[in-house]
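Comments concern the structure below.
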Amino acid sequence: MSLSRISKWKSVTFAGLLAAVGSCSAQTEKPKPLDRLQSRVAELALGFPGTIGVYARNIETGAEITFKSDERFPMASVYKIPIMVQVFREVDAGHLKLTDRIELTEADKRLGSGLFMYMTPGLKPTLHDLLTMMIVVSDNTATDKLLGIVGAENVQAMLGRLGIKDVRVDRPTSDIIADWLAYGDPGFRKLTLAQMVSNPSVFATFTREQMEKSDKLFVEDPRDHASPRGIAELLLKIFRNEAASERSCHDMLEILKLQQFNDSIPHLLPEGTVVAHKTGEIGYTRNDASIIYEGNQHIVLTIFGLRGSENVPELDLKQREATIARAVYDYFQYQN
């Protein structure tokens, strides 16, 4: 072996030794705290018999964790957030006033969540009343009335102007529910909305097999879907006064703080924690999109979940989402 080859061999060997030492060092290096949170969230999501998507970001620092955050899920009532944004933008433009009174008739009544469907026709709530009911008790009558005023196409155009991706608003709640039911039993197409509202017992015949079919086809339908990241970006726009005027964004956050359904993201957080959020439920879908207030720090957290089947209790999904939210909260509180 020549001296040049020996020299070259020594050089290569020494370089390889350094690389090996570096590799060993990297392997023994402890994972960073954010990586541990990422792993914990992935573990909680993967361990659930269904599908969970998560997007979380510390608004002040920009630190984020994601899990299936760009996959699209049915929004259910979380889609009421972009509807709210469009209504407030119309107020900013002078086309509407929050004090406008809007009559609710018998024909305006909608199935599902809310209180207006149980009230005497002729009630004239203000526009602000409708917005509040749409968010805090997820009132479907209020939602469809507001969507009829601003138009789904205008909500969608607004999302485009704000640069919000992977969020679609297509139908009123009456169509969403009717489509979901018809996926499982086409016979529901023969019923009018008035017939379903006046006789809720028709739903008692809906079988487990029909529910499974409904949910499968509903998830595959791209309408009124969003990614966890997309909705989180809209919440960030509201928080930063970029979705509408500063006053309107403030009002939106105050309404979101009044949310009455708190068995998902807020459920395991310390008592008194302020959470501005909107939930959404239909079939096997259970979603929550929030901004968590922790001292001078704020966390935008969106969790979308789908139960894998009727065998998975609804409570299990909500508990899993609450556990993920607590893990995220604890990490950012500790880091602060």
Carboxylate-amine/guanidinium contact [X] [Y], below 4.0 Å:
X      : Y      : result
Lys145 : Glu103 : no
Arg40  : Glu43  : yes
Glu212 : Lys216 : no
Arg326 : Asp330 : yes
Arg57  : Glu233 : yes
Glu314 : Arg286 : yes
Arg189 : Asp179 : yes
Arg72  : Asp166 : yes

| query | Within 45 degrees of the axis of the six-membered ring of Tyr79 and under 6.0 Å from its centre: does Lys278 put its NZ or CZ there? | reply |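 Checked: cation-pi criterion not met.
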
Item to check | Option among Arg110, Lys80, Lys109 that satisfies the side-chain hydrogen bond (donor to acceptor under 3.5 Å, both in side chains) test with Asn140 | outcome: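 Among Arg110, Lys80, Lys109, the one that satisfies the side-chain hydrogen bond (donor to acceptor under 3.5 Å, both in side chains) with Asn140 is Lys80.
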
message = Evaluate His298 against Phe239 for ring pair (Phe, Tyr, Trp, His ring centres under 6.0 Å), listing each step before the verdict.
response = CA-CA 10 Å; His298 304 84; Phe239 183 82; 4.7 Å; yes

Ignoring hydrogens and geometry, is there a side-chain-to-backbone donor-acceptor pair from Thr273 to Pro270 under 3.5 Å?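 A pair under 3.5 Å: yes.
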
Does some side-chain heavy atom of [Y] sit less than 4.5 Å from a side-chain heavy atom of [X]?
X      : Y      : result
Phe67  : Ile324 : no
Tyr55  : Ile65  : no
His277 : Ile291 : no
Leu181 : Met196 : yes
Val137 : Gln260 : yes
Leu217 : Trp180 : no

Checklist entry - When the ring planes of Phe218 and His225 are compared, do they come out parallel, tilted or perpendicular, using 30° and 60° as the limits? => result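 Aromatic pair Phe218/His225 classed tilted.
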
For [X] and [Y], work out which heavy atoms get closest and say how close.
X      : Y      : answer
Thr285 : Ala76  : CG2-CB, 4.3 Å
Asp224 : Asp170 : OD1-N, 2.6 Å
Ser113 : Ser138 : OG-O, 2.5 Å
Arg171 : Leu147 : O-CD2, 3.6 Å

Requested in this report: List the steps, then state whether side chain to side chain contact (heavy atoms under 4.5 Å, CB included) holds for Asp251 with Leu98.
Outcome: CA-CA 11 Å; Asp251 287 350; Leu98 293 175; 4.1 Å; yes

Donor-acceptor pair between Thr173 and Asp144 side chains, under 3.5 angstrom: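 Yes - a donor-acceptor pair under 3.5 Å links their side chains.
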
